[in-house]
Structure formats: structure tokens, C-alpha cells
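Working notes, beginning with the structure itself.
Proteins get letters first, then strands, A, B, ... in listed order; numbering begins at 1 in each.
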There are 2 protein chains.
Amino acid sequence: MPLSASFPDLTALDLYASVVELGSLGRAAKMHGIAQPSASSRIRNLERQLGVKLLDRSARGSTPTPEGIVVSGWTDAILRAAHDLEAGLEALKAEQSGRLRIAASYTIAEYLLPTWLGRFAREHPRDTVALDVENSTHVLSELERGEADLGFIETPLKTPSMKEQIVGHDQLVAVVPPEHPWATRTSIDMTELAETPLVMREKGSGTREALEQALTDAGHGAPVSVLELGSTSAVRSAVLSGNSPTVISRLAVASELADGQLVEVEVENLKIERDLRAVWPAKKPLPKLAVALLADLS
Amino acid sequence: MPLSASFPDLTALDLYASVVELGSLGRAAKMHGIAQPSASSRIRNLERQLGVKLLDRSARGSTPTPEGIVVSGWTDAILRAAHDLEAGLEALKAEQSGRLRIAASYTIAEYLLPTWLGRFAREHPRDTVALDVENSTHVLSELERGEADLGFIETPLKTPSMKEQIVGHDQLVAVVPPEHPWATRTSIDMTELAETPLVMREKGSGTREALEQALTDAGHGAPVSVLELGSTSAVRSAVLSGNSPTVISRLAVASELADGQLVEVEVENLKIERDLRAVWPAKKPLPKLAVALLADLS
DNA sequence: GCATGCCATAGACTATAGCTATGACCTCAA
DNA sequence: TTGAGGTCATAGCTATAGTCTATGGCATGC
């Protein structure tokens with residue numbers, strides 16, 4: 001389902017957010033480095049596209065209408081996500097020239113690092129960070145080969161030659177869409193989970209390994225897949241638009257659980273908790289920037 | 001802090017998401033109603049703007065590179081927020097012609113209704129919904145005057161002439177940025193909260209009333225404000241970039257709490273829980289569409 | 001009454017994104 | 001091996017939409 005053709009430009013939303021914050025079109029225009037009439041026309045255009053009057057204009061400035069306040073909440077959410085993309089991307093791009101080289105697993109890179117790096121970048125505007133996204137095993141080998149300074153992993157792999165610091169926690173949870181029969185059950189048992197076909201990541205992914213481990217440890221067979229997908233967000237989309245359960249990182253579905261698009265199903269005796277860990281080679285001293293980043297997180 | 005000037009267009013991100021989903025530029029182009037070369041050029045442009053190679057193109061289609069997969073996760077987050085805006089907006093715009101007229105308070109309208117209405121719109125594509133955003137008291141009077149069919153409120157107001165259904169729960173929590181001294185405390189007591197200047201909504205808002213009520217009920221004075229702002233998202237931004245605490249709806253800061261941009265502070269003996277309720281006039285029969293919407297939520 | 005903000009309008013310019021038509025390449029099957 | 005049916009890329013044209021500068025109107029406040 002593509003976005004409506006007349007969906008406004010992100011730069012227009014960004015400009016509108018600045019107008020709300022600064023209280024005037026002209027000031028917002030200056031902050032964005034454009035002329036005042038351009039800002040006026042962009043906002044007018046935005047109102048036309050949205051079909052809503054956003055601002056009360058007066059000789060003393062512009063303040064949002066009641067509708068404008070509500071819209072402002074929605075646009076803020078979009079802009080936050082956009083800034084996450086920017087922060088993550090800047091780290092990805094710094095690859096070649098970067099001073100602090102980070103290697104992280106997918107879940108951490110997608111859901112946590114953009115925020116952490118965004119804050120870090122504001123506090124250290126002159127420094128660059130390079131981000132390499134790999135699976136957890138590969139993160140460790142990059143660290144050993146000296147190709148990265150600091151790693152973030154989410155699996156309970158043994159790391160004898162590494163120092164580590166716990167930077168958060170994650171949990172695998174079983175989720176279904178609200179229409180699924182499980183959504184109204186108080187809990188299901190592990191046998192039922194093991195016998196029900198699930199949407200899953202491909203074999204070898206950390207999430208899937210953890211689930212298989214937990215099930216076989218409890219004497220059950222390996223889980224059955226109804227569909228295998230190559231990324232966590234693909235799994236989430238599939239569950240949202242289909243009617244099969246999955247077992248997935250709670251971080252990846254936090255907002256869907258909050259607004260009821262997905263429902264968490266308790267599985268008896270199944271607790272898959274994972275520490276999110278920062279790791280680095282024990283033999284090398286930790287670079288100063290890495291120390292600063294870790295201090296931010298503790 | 002405005003967005004980077006070269007930030008890609010949302011339509012390009014949307015197109016990219018479709019390419020990842022469908023596995024081919026041409027199919028994605030068709031889905032978006034543009035010609036294949038246009039899609040090719042837009043994606044090429046997107047890669048140039050982001051500075052990252054997103055797709056491996058081959059004669060059998062296009063699949064995302066490892067970096068592309070990560071970027072896809074970030075763009076999905078942006079697009080989800082954009083769809084929320086679309087859903088909420090469509091309801092706002094339907095005002096004049098709408099069949100089902102909804103009146104909701106700010107928090108529910110901003111954080112929950114877009115998702116609910118998005119799902120509802122997919123299931124009832126021929127029907128329209130109008131959304132009016134007011135404070136809770138005004139929602140009730142709109143219902144009584146027959147200007148709305150269904151209301152959503154978050155305050156414990158008495159509603160003798162209304163029927164109601166609980167559709168969720170919210171909780172007011174005290175939050176601070178991670179640098180604030182409270183962030184490392186296990187808990188603070190209510191006296192300390194009452195004496196510390198807070199960032200707050202303006203007098204008369206539901207959130208502020210609830211906090212004042214809870215404090216005076218416990219024998220404390222009214223809370224002191226260091227800054228008063230007109231919307232919940234303005235309060236959130238102020239706390240994120242300043243160094244003062246606030247007491248705010250957990251829904252409004254769910255993602256900031258999840259990724260550590262804000263820290264929840266436990267306040268001893270302070271529990272401000274609020275039922276989120278759908279309400280409608282007892283004397284009139286509930287319109288069929290309203291029944292359908294409520295069924296979705298239960 | 002005049003200066004100083006604010007926002008809106010007008011007209012010229014430019015850049016960009018879209019289209020159609022075509023070409024190059026790969027894969028699969030006859 | 002050759003042709004059919006996919007894939008994506010390139011070229012050249014056009015139209016649109018966004019930008020700027022210059023100006024004007026309108027409140028507010030000294």
C-alpha cells in the first residue's frame with residue numbers, strides 16, 4: 001500500500017515543526033536557510049496538501065491551530081524516525097574515514113544505535129563514527145582482526161578474549177495479530193508453540209537459534225516455519241498482514257504492542273532473555289571515543 | 001536542528017520499501033503508478049543522496065544489500081509514522097462529510113487513533129470517519145449536543161448519561177533525561193517531586209489536573225512549573241533537550257523510554273493510572289460503524 | 001506618525017522528475 | 001543456439017514546481 005501521491009515533503013514537515021517551535025515563519029525560514037516567501041509558500045502548500053489549516057497567522061507571528069497541534073504530534077514522530085535514519089546512516093557512511101569503528105548486530109543497529117549515535121554526535125561534533133552491521137559471530141571476528149574498535153551483540157556467545165559491558169536487555173516474545181485465536185488466550189504451552197508453523201528468520205540468525213535452543217532444551221522439536229524471511233522487519237510486516245505467529249525481539253515490535261496492532265502471547269515456561277552487550281578486545285586499550293560512548297550508555 | 005538538506009524524499013523511501021518487498025524495480029514502479037525508468041532513476045538518486053548502495057541489481061530482479069536491509073528497517077519506521085499521519089489526517093478531513101464522527105482527547109488522538117483508524121479504514125474502505133480533537137470535557141459536551149457519535153477520553157470524569165467501554169490504559173510517569181541526578185536514584189519521594197520545578201502542560205489540561213489532584217490528595221502542595229507548554233509533544237521535546245523532570249503520559253514517551261533517551265523515575269506512593277474509555281450517549285443507539293470500530297478494539 | 005517586525009503576492013528563473021522510446025543484458029526453454 | 005520474456009539503464013524532451021528578489025499591506029509599539 002503505497003503512500004498517498006499528495007503526501008507532503010519531509011522538508012515541509014520539518015519546516016512546519018520549526019515554525020511551531022519558533023512561533024514565526026520568517027525565523028523558521030532563516031533557520032532552514034531559505035527566504036521567507038519560500039517558507040510561506042511551502043507552508044501554504046502543506047496546508048493545501050493536508051487539507052487542514054495549520055497556523056493562525058498574525059502580525060505577531062504564527063501559532064498552530066488546534067488541528068495544527070495534533071498534526072504537529074504526528075509530524076514529530078515522522079521527524080524523529082527520520083533523524084534516526086540520518087544518525088545511523090552517517091555512521092554507515094563514515095566507514096572509510098572513521099575514527100571510531102563500531103560493529104553491531106542487526107537488532108541493536110536498527111533499534112538502538114541511531115539514538116545513541118545521534119546523542120553521541122551532538123556531544124562530539126568533530127568526531128566520526130563508522131558502523132558495520134553484521135551478525136553477532138562476524139562482529140566478534142571483526143573485533144579480533146582489529147577491523148572494529150567496539151562491538152555490540154545480543155547473543156550469549158562466549159567471548160573469552162573480550163571485555164564486555166551490558167548496555168541493555170532484550171527478550172524474545174511470541175506475538176500474533178489481534179485476529180489470531182491465540183490473542184485471547186491467557187497463555188499457551190510450549191508444545192503448542194513447537195507444533196505451530198511460525199513466520200521466522202532464516203536458519204542461522206540469532207533470533208532463530210535462540211528459539212531453537214530454548215525449545216530443544218525443554219525437550220521439544222525444532223520449530224516449524226510457514227515462511228522464512230531475511231530480516232526482522234520483514235518478519236514483522238508479514239505477521240502484521242498475515243495471520244501466523246512469530247517469536248521476535250520485543251524491541252522490534254514495541255510500538256505495535258503498545259498500540260494493539262500485535263498482541264503478546266505468554267508461553268508457559270518459555271523465557272528467552274538476552275543481554276545486549278558491548279564487547280571489545282581485552283588486549284588492546286579501549287579508544288577514548290569508545291570510552292565516552294560507553295559512559296553515555298551506563 | 002533542521003533535517004539535512006539532502007534528505008531523501010518520502011516517496012523515494014516508499015518506493016524503496018516496495019522494491020524490497022516485491023523484489024523488482026519494475027513491479028514496484030507499477031504499484032506506485034509510475035514508469036519503470038522513473039523508478040530506476042529515483043532509486044539511483046536515493047542511493048546517491050544516502051551515499052549507500054542499497055540494491056544488488058540483476059537480471060532476476062533486485063535484492064537489498066546488507067546495508068540496504070538495515071536502511072530498510074529505518075525507512076520502515078519513517079513510513080509507519082507517515083501512515084499514522086495519513087490515517088489521522090483522513091479522519092480530521094472527513095469532518096464535513098463523515099458518517100462516523102469521533103471526538104477524542106489529545107493523547108488518544110495522537111498516539112492510538114491513527115493505528116485504530118488505519119485498520120478500520122482498510123476493513124471499511126467505503127466509509128468515512130471524522131475526527132475532532134478536543135480536551136476531555138469538550139468531548140463530552142460534543143456528544144451531548146449530538147455533534148459526535150463516539151468519544152474517547154482519558155480522564156476519570158463522571159459520565160452519568162453515557163455508556164462506556166474501556167479500550168486501554170495509560171499511566172502518568174515521572175521522567176528525566178539520563179544526565180539528571182534522579183536518573184540514577186532508585187526512587188524519590190512525593191515531597192521531592194512536589195518541590196521540584198517541572199516542565200508542565202498549561203493549567204487546565206488533563207495531565208496537569210491529574211497530577212495536582214494526586215499531590216494534593218496526599219497532602220502536598222500543587223506542583224511548581226519551570227516551563228509551561230501547550231502540547232504534550234512540546235513538553236517531551238523540552239525535557240529531551242533540557243534538564244528538568246516532567247510527569248507525562250507513558251504512551252507519549254514509550255519510544256524514548258525504550259531507547260534510553262528518557263529515564264523513568266519511580267515516585268514512592270504515586271500511582272496515577274487512567275482508563276482510556278470510549279463513551280457514547282446512553283439514550284441514542286450506537287451507530288453500526290461505531291459498533292464495528294469498538295469491536296475491533298476489544 | 002513612524003519604525004519595525006510580521007506575512008502575502010508577483011514575475012522570472014531553474015532544476016528536477018516525469019514520460020516515451022530504445023538498448024543491453026541475463027535466463028530459460030524449445 | 002536461438003528467440004521470448006524478463007530485468008535494469010540511457011537519452012532526449014517537457015512540464016511542473018520550487019526558488020529567488022522586490023514589493024506591498026497590516027498590525028504593534030515607541
Worksheet item: For B:T232, which residues count as a side chain to side chain contact (heavy atoms under 4.5 Å, CB included) partner, sequence neighbours excluded?
Response: B:R201, B:I248, B:A252

Worksheet item: Considering the terminal five base pairs at each end of the helix from C:dG1-D:dC30 to C:dA30-D:dT1, what angle separates the two local helix axes, rounded to 10°?
Response: 20°

Discussion item. Quick check on contacts: within residues 38-46 of chain B, what sits under 4.0 Å from DNA chain C by heavy-atom distance?
Written reply: B:S38, B:R42, B:N45

Worksheet item: Between B:E134 (side chain) and B:A103 (backbone), is there a donor-acceptor pair under 3.5 Å?
Response: no

Worksheet, complete the sentence: Of A:Q36 and B:G23, the one whose nearest nucleotide on DNA chain D sits closer to the 5' end is B:G23

Worksheet item: For B:R145, what residues pass the side chain to side chain donor-acceptor pair (under 3.5 Å) criterion, not counting sequence neighbours?
Response: B:E147

Response to the item:
Contacts of B:R208 meeting side chain to side chain donor-acceptor pair (under 3.5 Å) (sequence neighbours excluded), chain-then-number -> B:E212, B:E228

Item to complete: Quick one: closest heavy-atom pair of B:S244 and B:V239, and the distance?
Response: O-CG1, 3.5 Å

For residues 28-44 of chain A, run the donor-acceptor check on the side chains, cut-off 3.5 Å, and write out each pair with its distance to 0.1 Å, sequence neighbours left out.
from  : atom 1 : to    : atom 2 : distance (Å)
A:H32 : NE2    : A:S18 : OG     : 2.7

Fill in: Residues touching DNA chain C, which here means a heavy atom under 4.0 Å, drawn from residues 55-63 of chain B
B:A59

Worksheet item: To the nearest angstrom, how far is B:K30 atom NZ from D:dT7 atom C1'?
Response: 13 Å

Worksheet item: For B:H138, what residues pass the ring-ring contact (aromatic ring centres under 6.0 Å, His included) criterion, not counting sequence neighbours?
Response: none

Practice prompt. Look at the side-chain N and O atoms of B:R27 and state whether any lies under 4.0 Å from the OP1 or OP2 oxygen of D:dT7.
Written response: yes

Worksheet item: Is a donor on one side and an acceptor on the other found under 3.5 Å between the side chain of A:T246 and the backbone of A:V199?
Response: yes

Worksheet entry | Donor-acceptor pair, side chain of A:S72 and main chain of A:G68, under 3.5 angstrom | no

Item to complete: Any pair with a residue in residues 101-128 of chain A that passes ring pair (Phe, Tyr, Trp, His ring centres under 6.0 Å), sequence neighbours left out, goes on the list, sorted by first then second residue, please.
Response: A:W116-A:F152, A:F120-A:H124

Worksheet item: If only atom types and distance count, is the side chain of A:S62 paired as donor or acceptor with the main-chain N or O of A:L25 below 3.5 Å?
Response: no

Item to complete: Using chain B heavy atoms and a threshold of under 4.0 Å, write down where along DNA chain C the contacts begin and end, 5' to 3'.
Response: C:dA17 to C:dC26

Fill in: Nearest-Å distance for atom pair CZ/P, residues B:R48 and D:dA9
15 Å

Worksheet item: Which residues pass the side chain to side chain donor-acceptor pair (under 3.5 Å) test with B:S105, sequence neighbours left out?
Response: B:E154

Discussion item. Going by side chain to side chain donor-acceptor pair (under 3.5 Å), name the residues that satisfy it together with A:R27, two or more places apart in sequence or in a different chain.
Written reply: none

